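Everything quoted here is computed from the prediction, not taken from an experiment.
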Amino acid sequence: MLSKNRVKYVRSLEMKKFRKADGVFVAEGHKLVGDLLDVFSCTYLAATADWLSQHASWVQRQGGVEIDEVTDEELRRLSFQETPQQVLAVFRQPTYAVDINEVAKRELCLVLDDVQNPGNLGTIVRLADWFGIEHIFCSRGCADIYNPKTVQATMGGIARVKTHYVELPEMLSRLDKDIPIYGTFLDGENMYQKPLDPRGLIVMGNEGKGVSAAVEAFVTERLYIPNYPVGRETSESLNVAIATAIVCAEFRRRG
């Protein structure tokens, strides 16, 4: 039977301070949890009898994982979702060590400057996963990758895309000079007419303020996503996740 203390603990993980204190995060749903089970260390799992039956071999292999068989109603008490789907799990937050110069010299990475909406961050992780981008460097002011809304929005991309929280100006100051740093600006060059390197960093800015002055100072290639047709009155700007998708698609199209 699901205890009140268990419900209280899981629900507390909606708040960053409690996730950070225990170094854990919550994921929900058979697809997302299934993607993460073999990637991250699971500390607790609550699932319906049907889910546990379908994953009996995984359950049998678990030694230190606390597992509760729950009813749909009990799962709703734990869940952050309007419509819970069979399973909720608590995982340990991973730790990653990376050399920015090493990865940026050989592959494309994303840099997020104070992207604050959890859904936008999760969608960008999902996009990075789709376009084969394995590292995202976030400013300290970005949304928390382990926010339940962010985790759900990654649609499993969190299992394959490593997210790092850093002091962006300090990190960029250590970058080798031959590594391109792209950024999107209204006064940038048409990205469809500009050479694009298949390695380096792509900087995406805050939803309302764009790229901060401190980070902009390090950008070496200023890009602009043109609207169509030219001269037509249009929206002031694009959602940061949509803009990221357009930019990443063009880099990958070039190849």
Query - Close side-chain approach of Val151 and Ile145, heavy atoms under 4.5 Å - result: no
Query raised in the report: Please walk me through it: do Glu107 and Arg199 pass salt bridge (charged side-chain N to carboxylate O under 4.0 Å, His left out)?
Result: CA-CA 4 Å; Glu107 60 190 78; Arg199 64 180 189 123; over 6 Å; no
Query raised in the report: Do the ring planes of Tyr228 and Tyr192 sit parallel (below 30°), tilted (30 to 60°) or perpendicular (above 60°)?
Result: tilted
**Report entry** Where Ile179 and Gly200 come nearest, the two heavy atoms and their spacing
**Finding:** CG2-CA, 3.8 Å
Query raised in the report: What's the verdict on salt bridge (charged side-chain N to carboxylate O under 4.0 Å, His left out) for Glu250 and Arg254, showing C-alpha distance, side-chain angles and the deciding distance?
Result: CA-CA 6 Å; Glu250 182 61 13; Arg254 303 281 187 95; 2.8 Å; yes
Give the table of side-chain donor-acceptor pairs shorter than 3.5 Å for residues 125-132, with sequence neighbours excluded, one pair per line with atom names and distance.
unit_1 : atom_1 : unit_2 : atom_2 : d
Asp129 : OD1    : Arg160 : NE     : 3.0
Asp129 : OD2    : Arg160 : NE     : 3.1
Asp129 : OD2    : Arg160 : NH2    : 2.9

Query raised in the report: Are any side-chain N or O atoms of Arg140 and backbone N or O atoms of Leu168, one a donor and one an acceptor, separated by less than 3.5 Å?
Result: no
Query - Any residue meeting salt bridge (Lys or Arg N to Asp or Glu O under 4.0 Å) with Asp187, in chain and number order, not counting sequence neighbours - result: Arg222
**Report entry** Residue among Thr244, Asn239, Thr150 satisfying side chain to side chain donor-acceptor pair (under 3.5 Å) with Asn120
**Finding:** Asn239
Report task. Run the numbers on Arg92 and Thr43 for side chain to side chain contact (heavy atoms under 4.5 Å, CB included), then give the verdict. Result -> CA-CA 7 Å; Arg92 293 205 179 280; Thr43 63; 3.6 Å; yes
Report summary line: Between Arg19 and Pro148 the two heavy atoms that sit nearest each other are NH1-CD, 3.5 Å
Report task. Go through Val161 and Glu134 one step at a time and tell me if the side chain to side chain contact (heavy atoms under 4.5 Å, CB included) criterion holds. Result -> CA-CA 5 Å; Val161 178; Glu134 297 182 357; over 6 Å; no
Query - side chain to side chain contact (heavy atoms under 4.5 Å, CB included) evaluation trace for Cys109 with Val103 - result: CA-CA 8 Å; Cys109 304; Val103 297; 3.9 Å; yes
Query raised in the report: Does atom CE of Met171 have more than 12 heavy-atom neighbours from other groups under 6.0 Å away?
Result: yes
**Report entry** Enclosure of Lys194 NZ (heavy-atom neighbours >12, cutoff 6.0 Å)
**Finding:** yes
Query raised in the report: Stepwise, does the side chain to side chain contact (heavy atoms under 4.5 Å, CB included) test hold for Thr71 with Thr48?
Result: CA-CA 6 Å; Thr71 64; Thr48 62; over 6 Å; no
Query raised in the report: Can you name the nearest heavy-atom pair linking Val211 to Glu216, along with the distance?
Result: CG1-N, 3.7 Å
Query raised in the report: Using 30° and 60° as the class limits, which term best fits the ring planes of Phe40 and Phe25: parallel, tilted or perpendicular?
Result: perpendicular
Query raised in the report: Met191 versus Gln193: any side-chain heavy-atom pair under 4.5 Å?
Result: no
Requested in this report: Show your reasoning for whether salt bridge (charged side-chain N to carboxylate O under 4.0 Å, His left out) applies to Lys31 and Asp35.
Outcome: CA-CA 6 Å; Lys31 173 64 169 65; Asp35 284 346; 2.6 Å; yes
Contacts table for residues 1-10: side-chain donor-acceptor under 3.5 angstrom, sequence neighbours left out:
unit_1 : atom_1 : unit_2 : atom_2 : d
Ser3   : OG     : Arg6   : N      : 3.0
Arg6   : NH2    : Glu66  : OE1    : 2.6
Tyr9   : OH     : Asp22  : OD2    : 2.9

Report summary line: Minimal heavy-atom distance between Ile124 and Ala241, with the atoms involved, is CG1-CA, 3.9 Å
